[in-house]
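One structure coming up, written as structure tokens, with questions to follow.
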Amino acid sequence: MSGIRYVRGDATLPSVKGVKVIAHVCNDVGGWGKGFVLALSRRWPEPEAAYRAWHRDRASNDFGLGAVQLVRVERYVWVANMIGQRGVRTGSKGVPVRYEAIDTALGRLADEAAELGASVHMPRIGCGLAGGKWPRIEPLISERLVKRDIVVTVYDHGEGPD
């Protein structure tokens with residue numbers, strides 16, 4: 001079992017062979033328009049469209065904290081929309097990140113990645129606009145993905161995390 005691989009680059013362009021899942025954290029209020037999602041939307045329209053439909057139809061599906069939506073964007077590339085933040089703003093209840101929801105979502109992602117035989121690629125999820133701390137998130141990734149022998153690459157893009 002290896003650890004998490006860290007590289008500088010664009011998480012939307014994983015340059016490895018085989019099936020790849022690009023994972024990122026979304027909010028639970030239907031907002032899509034800041035942070036890493038902009039890079040996703042520049043490359044593919046499907047993840048945003050699927051997320052918006054998932055949110056719109058939430059009364060009849062599993063949309064909510066801890067849920068994961070896999071969206072196929074290329075033959076060997078999927079995007080995992082993971083609901084891991086409550087709202088979009090820091091307020092009286094603190095920052096939007098919800099570590100328990102990210103942990104649950106990563107567990108679900110691990111099942112999907114294992115079934116697809118996929119590697120997982122991501123920015124430092126939950127650490128940008130969501131306000132999370134990487135030392136709290138990194139062990140969740142190790143526990144849920146790396147321990148299941150899923151290859152994980154974390155991308156640092158340009159000036160810093162997320």
Side-chain angles (χ1 to χ4, degrees), residues 1-28 30-58 60-85 101-130 132 134 137-138 140-162:
M1 174 173 56
S2 62
I4 299 168
R5 188 172 144 238
Y6 291 88
V7 299
R8 186 158 298 285
D10 183 348
T12 68
L13 293 168
S15 60
V16 296
K17 296 218 180 294
V19 180
K20 298 163 272 295
V21 175
I22 299 168
H24 71 110
V25 168
C26 301
N27 61 67
D28 66 348
W32 182 290
K34 289 185 175 176
F36 183 70
V37 298
L38 294 177
L40 287 173
S41 291
R42 276 193 296 273
R43 286 191 55 75
W44 307 287
E46 298 92 345
E48 178 179 359
Y51 169 79
R52 291 190 185 280
W54 190 29
H55 176 262
R56 185 179 56 248
D57 301 332
R58 64 192 177 280
S60 59
N61 64 39
D62 67 344
F63 184 94
L65 288 171
V68 177
Q69 178 190 51
L70 245 63
V71 182
R72 192 176 206 162
V73 293
E74 292 179 14
R75 184 171 179 193
Y76 297 109
V77 182
W78 299 75
V79 170
N81 294 332
M82 304 188 303
I83 311 300
Q85 68 180 75
I102 291 174
D103 188 42
T104 300
L106 287 169
R108 291 177 174 152
L109 173 62
D111 292 340
E112 298 282 356
E115 196 170 305
L116 291 167
S119 56
V120 174
H121 305 265
M122 63 181 73
R124 291 187 188 233
I125 57 170
C127 294
L129 298 169
W134 190 247
I137 292 173
E138 185 182 45
L140 304 178
I141 295 166
S142 294
E143 185 65 30
R144 298 290 175 212
L145 298 168
V146 176
K147 272 194 175 174
R148 289 189 58 185
D149 291 326
I150 295 166
V151 175
V152 177
T153 304
V154 172
Y155 296 75
D156 287 317
H157 191 261
E159 64 286 341
D162 249 13

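Because the structure is predicted, anything quoted here is derived from the model rather than measured.
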ask   = If you look at every heavy atom in Val68 and Asp62, which pair is closest and at what distance?
value =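 Nearest pair, atom of Val68 first, then Asp62: O-OD2, 4.4 Å.
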
ask   = What's the shortest heavy-atom distance between Gly84 and Leu65, and which atoms?
value = C-CD2, 4.2 Å

message = Does any part of the side chain of His157, heavy atoms only, come nearer than 4.5 Å to the side chain of Phe36, both counted from C-beta?
response =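 No, their side chains stay 4.5 Å or more apart.
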
remark   = When rounded to the nearest 0.5 Å, the distance separating NE2 of His55 from CD of Gln69 is 12.0 Å

ask   = Side chains of Thr153 and Pro14: does their closest heavy-atom pair fall under 4.5 Å?
value =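 The answer is no, as the side chains (C-beta and beyond) never meet within the 4.5 Å cut-off.
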
ask   = Which pairs pass salt bridge (Lys or Arg N to Asp or Glu O under 4.0 Å) with one or both residues in residues 103-114, sequence neighbours excluded?
value =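 Found Asp103-Arg144, Asp111-Arg148.
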
query = Below 4.5 Å, heavy atoms only, C-beta onward: do Val71 and Trp44 meet side chain to side chain?
reply =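 They are not in contact (no side-chain heavy atoms under 4.5 Å apart), so the answer is no.
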
query = What heavy-atom pair brings Gly64 and Ile83 nearest, and what distance separates the two atoms?
reply =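 Here Gly64 and Ile83 meet closest at O-CB, 3.1 Å.
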
Ile125 side, atom CD1; Leu106 side, atom CG - distance, nearest 0.5 Å = 4.5 Å

query = Is any side-chain heavy atom of Arg43 less than 4.5 Å from a side-chain heavy atom of Val73?
reply = no

ask   = Under the side-chain contact (heavy atoms from CB on, under 4.5 Å) test, which residues partner Val16, sequence neighbours left out?
value =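 In terms of side-chain contact (heavy atoms from CB on, under 4.5 Å), with neighbours along the sequence ignored, Val16 is linked to Arg5, Lys20, Ser119, His121.
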
inquiry  = With rounding to the nearest 0.5 angstrom, report the CE to CD1 distance, Met122 to Ile22.
reply    = 11.0 Å

message = Please identify which of these residues, Trp32, Trp78, Tyr51, meets the ring pair (Phe, Tyr, Trp, His ring centres under 6.0 Å) condition with His24.
response =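 Option passing the ring pair (Phe, Tyr, Trp, His ring centres under 6.0 Å) with His24: Trp32.
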
Trp54: partners by ring pair (Phe, Tyr, Trp, His ring centres under 6.0 Å), with sequence neighbours left out = Phe63

ask   = Does OH in Tyr6 sit with more than 12 non-hydrogen atoms of other residues, nucleotides or ligands closer than 6.0 Å?
value =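 Result for OH/Tyr6: enclosed.
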
query = Closest heavy-atom contact between Leu145 and Val120?
reply = CD1-CG1, 4.3 Å

key: Contact check, side chains of Tyr155 and Leu13, non-hydrogen atoms, under 4.5 Å   = no

request  = Taking Arg124 for its side chain and Trp134 for its backbone only, find out whether a donor-acceptor pair lies under 3.5 Å.
outcome  = no

ask   = Taking all non-hydrogen atoms of both residues, which atom of Ala80 and which atom of Leu70 are closest, and how far apart?
value =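 Looking at all heavy atoms of both residues, the closest pair is CB-CD1, 3.6 Å.
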
